[in-house]
Amino acid sequence: MSTAWGLLAQPLADYGFMRYGVAMATIIGVTSAVLSCLLIVRRQALLGDAISHAVLLGVALGWLVAGHLGVFIGALAAGILTGVGITFVERNSRVKLDAAMGVLFTFAFALGLAIISLAKPRGIDLFHVLLGNVLAVGPNDLWLTGVSGGLVVIVIVALFKELHLWSFDPQMAQVVGMPTRALHYLFTALLAATIVSSLQAVGLVLVIAMLITPGATAYLLAERLATMMRVAVGVGLVSAIGGLYGSFYFDVASGPAMAIVASGLFFIAFLFAP
């Protein structure tokens, strides 16, 4: 018991970056888990994947324009505009949602890679952008992620009833007078903010694991949305913090470590869920 406690407590006592990392992992685990439940019940899990890839374009442009300060703003703008563009294409053409996501996110992702390969901006580590490095989190990263994550959770709690009805029965939500279009754009903005705030820890490629797997795991174990969110938060916290310690002890990128833990919890739930 003491050995296990030492493995958990000793890194926190010895290294400041581990304390920052645990705080960052906690914020990401909670925020992404709550949003993942809405993505799962709306059957739009791949929307998070699409926006996460498109964010690379905003990272590249934001860095070139304003350095570190421009990365968050550029990435957030790219994520929101991609989500809006996907909705616009779906509603104004014969192209379905999955195809619209595929077209727009591959375009934005490819354009971002092209800009980085041509401009070769100093200071952007593409490996960490794609796969994350939670152990490199600093006070500024933590502050930005905390503010973004806090706002996302506050909005979801404040609009829980509206988001609940809109997620399960969007036609009924429209009939009773809810601003369903505004809810959709708000949800896209929340999703983009969560992805951007998770950039440092999880990376663009694997943020989708934290935006799908906790909600999918909770979906196997709960029947009500509120309960599902609570279970998903637990899964998200174990995945994020467990992945952080795995990254520390086994010297692997934090994004893959968190995704592996989250996937392991999903398969356990899949095998033993009622």
Side-chain angles (χ1 to χ4, degrees), residues 20-42 44-45 47-52 54-55 58-59 62 66 68-84 86-87 132 134 137-167 178-204 207-212 214-215 218 225-226 228-230 232-237 239-241 258:
Y20 288 128
V22 167
M24 175 75 87
T26 300
I27 296 168
I28 292 173
V30 172
T31 308
S32 60
V34 171
L35 271 177
S36 73
C37 295
L38 295 175
L39 284 171
I40 293 297
V41 298
R42 285 186 54 77
Q44 290 185 339
L47 180 61
D49 190 24
I51 293 178
S52 68
V55 158
V59 171
H68 283 291
L69 183 62
V71 168
F72 180 82
I73 297 174
L76 184 62
I80 293 174
L81 289 175
T82 301
V84 171
I86 290 170
T87 302
V134 72
V137 167
N140 292 334
D141 300 311
L142 183 59
W143 181 85
L144 188 61
T145 302
V147 171
S148 301
L151 288 175
V152 169
V153 172
I154 289 171
V155 170
I156 291 177
V157 171
L159 298 178
F160 179 80
K161 291 183 179 179
E162 291 80 0
L163 291 170
H164 186 286
L165 179 58
W166 172 69
S167 297
M178 286 185 184
T180 54
R181 180 167 295 186
L183 283 175
H184 176 80
Y185 292 136
L186 174 63
F187 180 70
T188 302
L190 296 176
L191 188 59
T194 301
I195 290 170
V196 174
S197 64
S198 305
L199 189 69
Q200 176 68 48
V202 187
L204 295 180
V207 69
I208 188 61
M210 297 301 293
L211 281 170
I212 293 180
L225 182 59
M228 182 180 171
M229 285 184 173
R230 287 192 287 268
V233 165
V235 173
L237 286 173
S239 303
I241 296 176
M258 292 179 183

Would you find a donor on one side and an acceptor on the other, under 3.5 Å apart, between the side chain of S197 and the backbone of T194? yes
With a sphere of 6.0 Å drawn around OH of Y185, does it hold more than 12 non-hydrogen atoms of other residues, nucleotides or ligands? yes
Below 4.5 Å, heavy atoms only, C-beta onward: do L186 and L163 meet side chain to side chain? no
In short, I208 meets G48 closest at the heavy-atom pair CD1-C, 3.6 Å
Heavy atoms only: give me the nearest L142-A23 pair and the separation to one decimal. CD1-CB, 3.7 Å
To the nearest 0.5 Å, atom CG of L237 lies from atom CD1 of I27 at 11.0 Å
Do L39 and F187 come close enough that some side-chain heavy atom pair is under 4.5 Å? yes
L225 versus C37: any side-chain heavy-atom pair under 4.5 Å? yes
Heavy-atom closest pair, residues M210 and S36: O-CB, 4.2 Å
Rounded to the nearest 0.5 Å, how far apart are CG of L165 and CG of L159? 12.5 Å
Any I156 side-chain heavy atom under 4.5 Å of M229 side chain: yes
dist L47:CG -> T87:OG1 (nearest 0.5 Å) comes out at 7.5 Å
Closest approach of P214 and A209, non-hydrogen atoms and distance? CD-O, 3.4 Å
Locate the shortest heavy-atom distance separating A78 from T82; write the atom from each residue and the value. O-OG1, 2.7 Å
Can you tell me how far the CD1 atom of I195 sits from the CG atom of L76, to the nearest 0.5 Å? 10.0 Å
4.5 Å side-chain heavy-atom contact, V196 and V55: yes
Take M228 and I40 through the test side-chain contact (heavy atoms from CB on, under 4.5 Å) and record every step on the way to the result. CA-CA 10 Å; M228 182 180 171; I40 293 297; 4.0 Å; yes
Rounding to 0.5 Å, atoms CG (L81) and CD1 (I51) come to a distance of 10.5 Å
Ignoring hydrogens and angles, tell me if any N or O in the side chain of S148 forms a donor-acceptor pair with the backbone of T145 under 3.5 Å. no
What's the spacing between R42 CZ and H184 NE2 if we round to 0.5 Å? 7.0 Å
For the residue pair A232 and A33, what are the closest heavy atoms and their distance? O-CB, 3.1 Å
